[in-house]
Amino acid sequence: MEKAILAGLETDASRGSSIYTMQELARLAQTAGAVPVAEVVQSRARPDAAYYLGKGKVEELKIIAAETGADLVIFDDELTPTQIRNLEKLLEMRVVDRTALILDIFAGRARSREGKLQVELAQLTYLLPRLAGRGTQLSRLGGGIGTRGPGETKLETDRRRLRKRIGDLQAEIEEIKKHRLLHRRARQKNDVPTVALVGYTNAGKSTLLNTLASANVAAEDKLFATLDPTTREVALPGGGSFLLTDTVGFIQKLPHHLVAAFRATLEEITAADLLLHVVDTAHPQAERQMAEVNKILSELGAEMLPGLVVFNKMDLPEAAWQYPVLARQYPEHVAVAAKNGRGIEDLLMAVERILRQGDKQVEILIPFARAGLLSLVRRHGRLEAQEYLPEGIRVRAVLPARWAEKIRREL
C-alpha cells in the first residue's frame, strides 16, 4: 500500500467545508489503495498559479514526505499541467490530483465493456493536455540547416495516438448509445414505468436496489462501489411493476471528463419517469451533498423530472438529529433504512402514487376467447374486481391511460 500525503486549500469560497472535503479525499485515497500518513491544509484567498499551494508550504510538504516516507502527494482539486510539473520538480515525487484519483478508482471499478470504454475516454481526455514536457529529448532542435530534429517528436506522436484513440472510443460509445436508445424505446413500447436511483456516492443506492428488487448487486461501504448501471424489475403493492435502475454515484468536484464520458449512461436518468434521490441522512454534510446532486442533475437537463427524496440510513443514530431539519426543507419525502427494510413499504406506496397519477378506472368485459388480456391488466394496472359471467369476465381495474386504450382496442 502506498503512503500518501493529502494536501488541500481553504479559500474564501470553501471556508468551513474543507474539513469535510479532506475527509472525503482520505476515503478516496483509501478506496484507491493508499494509506494517508499526513494532511496539510493551507488558507489562501486563491490557489497559487504555479504550485496551487504557496511555495513555502510546498517546501514543508517535502520535509513531511521525507519524515513519513510518503510515496506521493494527493491534492484535493484538479491541478493544471503547469502546477503538476512544478510540484513534481520541487517535491521530487509523484503528484496526483483529485481528478486523477477518481479516474483511478473508476478504472478499478469498471466491469462492463461500456464502463471500461467510458473510463478510458475520461482518462485519455484528462491526460492529453498533460503530455506537455514529456519526451523532450526527441524534440526538434530549432530552425535552419543542421538543426532540425528527426521529424515528428515523441510528444507529437503520443498526442496524435491519443487523439485517434479518443476518436475511436467516442465512436464506440456512440454505438452503445444507439443500442441503449433501442432498448429504451422497447421499454417505452411495453409501457413499463422506469425509476432511476440517483444520489451522492455511498448514499445506499445499491443497498436500496437490493432490498426493493431482492437483487444481489454489490453494495459496500466504499465510495463508487457501483459503477456500471443495473436495472431490475420491482413489483408495486397494488399490482403492476416498474423498472428500477441504479446509477453511478455523484461526488463534490466530480471531474467534468467523467460527466462527459458517462453522458450515454447518465442519459438513462433523463429518460426515467421518476427519480429517487437517495440521501445519506447520517452524513454531516447531507444538505451539501444533496445540492451537489441537484447541480449535476441540472447539468444533465433532468432537474424538471418528477422526483422523490428518500432519506436513507435512518437506523443510524447520527441521522436522528439531522432528519427533522431536512424533513422540514423537503416535505415530499420518505424515510427508510434500506439495510434492514424499514420504511420500504411506505416508499413503494409513494412510488406507486406518483407513477399512477393520470391513471384511469375502467370497467370492461373480456370475452373468454381473449382471457389472456386479464394478465395484461394485472401486469400493468391494479385489478379491483372481477366477475365471471356467461359472456365473459367483467373487470374493474385502474390502468395507465395508454394501456386502457390498448386493451379496449384488443377486445
Side-chain angles (χ1 to χ4, degrees), residues 187 191-200 202-219 221 226 230-247 249 269 272-283 286 290 293 305-361 375 377-386 396-400 403:
R187 291 200 301 266
D191 204 37
V192 180
T194 57
V195 178
L197 294 170
V198 298
Y200 208 79
N202 206 42
K205 297 185 301 301
S206 296
T207 303
L208 185 58
L209 176 70
N210 287 336
T211 303
L212 286 169
S214 302
N216 57 350
V217 176
D221 186 20
T226 303
T230 306
T231 300
R232 296 288 185 271
E233 188 172 12
V234 179
L236 288 166
S241 62
F242 64 93
L243 294 177
L244 183 63
T245 299
D246 185 15
T247 60
I269 293 173
D273 297 296
L274 173 65
L275 301 182
L276 296 184
H277 184 168
V278 185
V279 181
D280 179 357
T281 321
H283 197 283
M290 291 180 74
V293 172
L305 290 173
L308 178 65
V309 174
V310 181
F311 289 121
N312 191 25
K313 304 190 182 181
M314 292 300 297
D315 53 327
L316 300 181
E318 296 87 349
W321 64 272
Q322 289 209 119
Y323 172 68
V325 178
L326 292 168
R328 283 195 297 271
Q329 294 181 43
Y330 300 91
E332 289 293 321
H333 73 270
V334 178
V336 305
K339 204 168 185 179
N340 60 27
R342 172 182 160 191
I344 294 301
E345 284 302 316
D346 292 337
L347 175 57
L348 283 171
M349 289 172 65
V351 169
E352 183 172 42
R353 186 185 72 251
I354 295 170
L355 293 178
R356 293 297 184 202
Q357 288 173 356
D359 284 9
K360 56 194 296 187
Q361 190 176 64
S375 64
V377 173
R378 288 197 177 99
R379 178 170 176 77
H380 298 288
R382 185 173 72 251
L383 182 64
E384 294 186 333
Q386 68 180 58
R396 190 174 73 249
V398 176
L399 283 164
W403 275 102

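The first residue in the sequence is number 1, and the count goes up from there.
Contact detail for Gly249 and Lys205: the closest heavy-atom pair is CA-NZ, 3.5 Å. In this structure, Val293 and Gly199 approach most closely via the heavy-atom pair CG2-C, 3.6 Å. The nearest pair of heavy atoms linking Val377 to Leu399 is O-CD2, 4.0 Å. Across Leu316 and Ala282, no two heavy atoms sit closer than the pair CD1-CB, 3.8 Å. A pairwise comparison of heavy atoms in Leu236 and Val351 identifies CD2-CG1, 4.3 Å as the closest pair.
Rounding to the nearest 0.5 angstrom, the gap separating the OG1 atom in Thr231 from the CG atom in Leu243 is 7.0 Å. Taking CG from Leu212 and CG from Leu244, the interatomic distance works out to 6.0 Å, rounded to the nearest 0.5 Å. The structure places CD of Glu352 at 12.0 Å from CD of Gln357, a figure rounded to the nearest 0.5 Å. Considering CG of Leu347 and CG of Leu308, their distance stands at 6.5 Å, rounded to 0.5 Å. Atom CG in Asn340 sits 5.0 Å away from atom CG in Asp315 (nearest 0.5 Å). Between atom CZ of residue Phe242 and atom CG of residue Leu348 there is a gap of 5.5 Å, rounded to the nearest 0.5 Å.
Tested against Lys313, the residues Asp280, Val278, Val279 include a single side-chain contact (heavy atoms from CB on, under 4.5 Å) partner, Asp280.
In terms of modelled atom types and a separation under 3.5 Å, the side chain of Asn312 and the main chain of Thr281 share no donor-acceptor contact.
Under 3.5 Å, the side chains of Arg378 and Gln386 contain a donor-acceptor pair of N or O atoms. Tyr200 and His277 form no side-chain donor-acceptor contact under 3.5 Å, judged by distance and modelled atom types alone. Of the N and O atoms on the side chains of Asp246 and Ser206, at least one donor lies less than 3.5 Å from an acceptor on the other residue. There is a side-chain donor-acceptor pair under 3.5 Å between Ser241 and Glu233.
Leu197 has its side chain out of reach of Leu275: every pair of non-hydrogen atoms, C-beta onward, lies at least 4.5 Å apart. Asp346 is not listed as a side-chain neighbour of Ile344, based on a closest heavy-atom distance of 4.5 Å or more. Within the 4.5 Å cutoff, side-chain heavy atoms of Phe311 are placed close to those of Leu326.
Residues in residues 328-342 take part in these salt bridge (Lys or Arg N to Asp or Glu O under 4.0 Å) pairs, two or more places apart or across chains: Glu332-Arg353.
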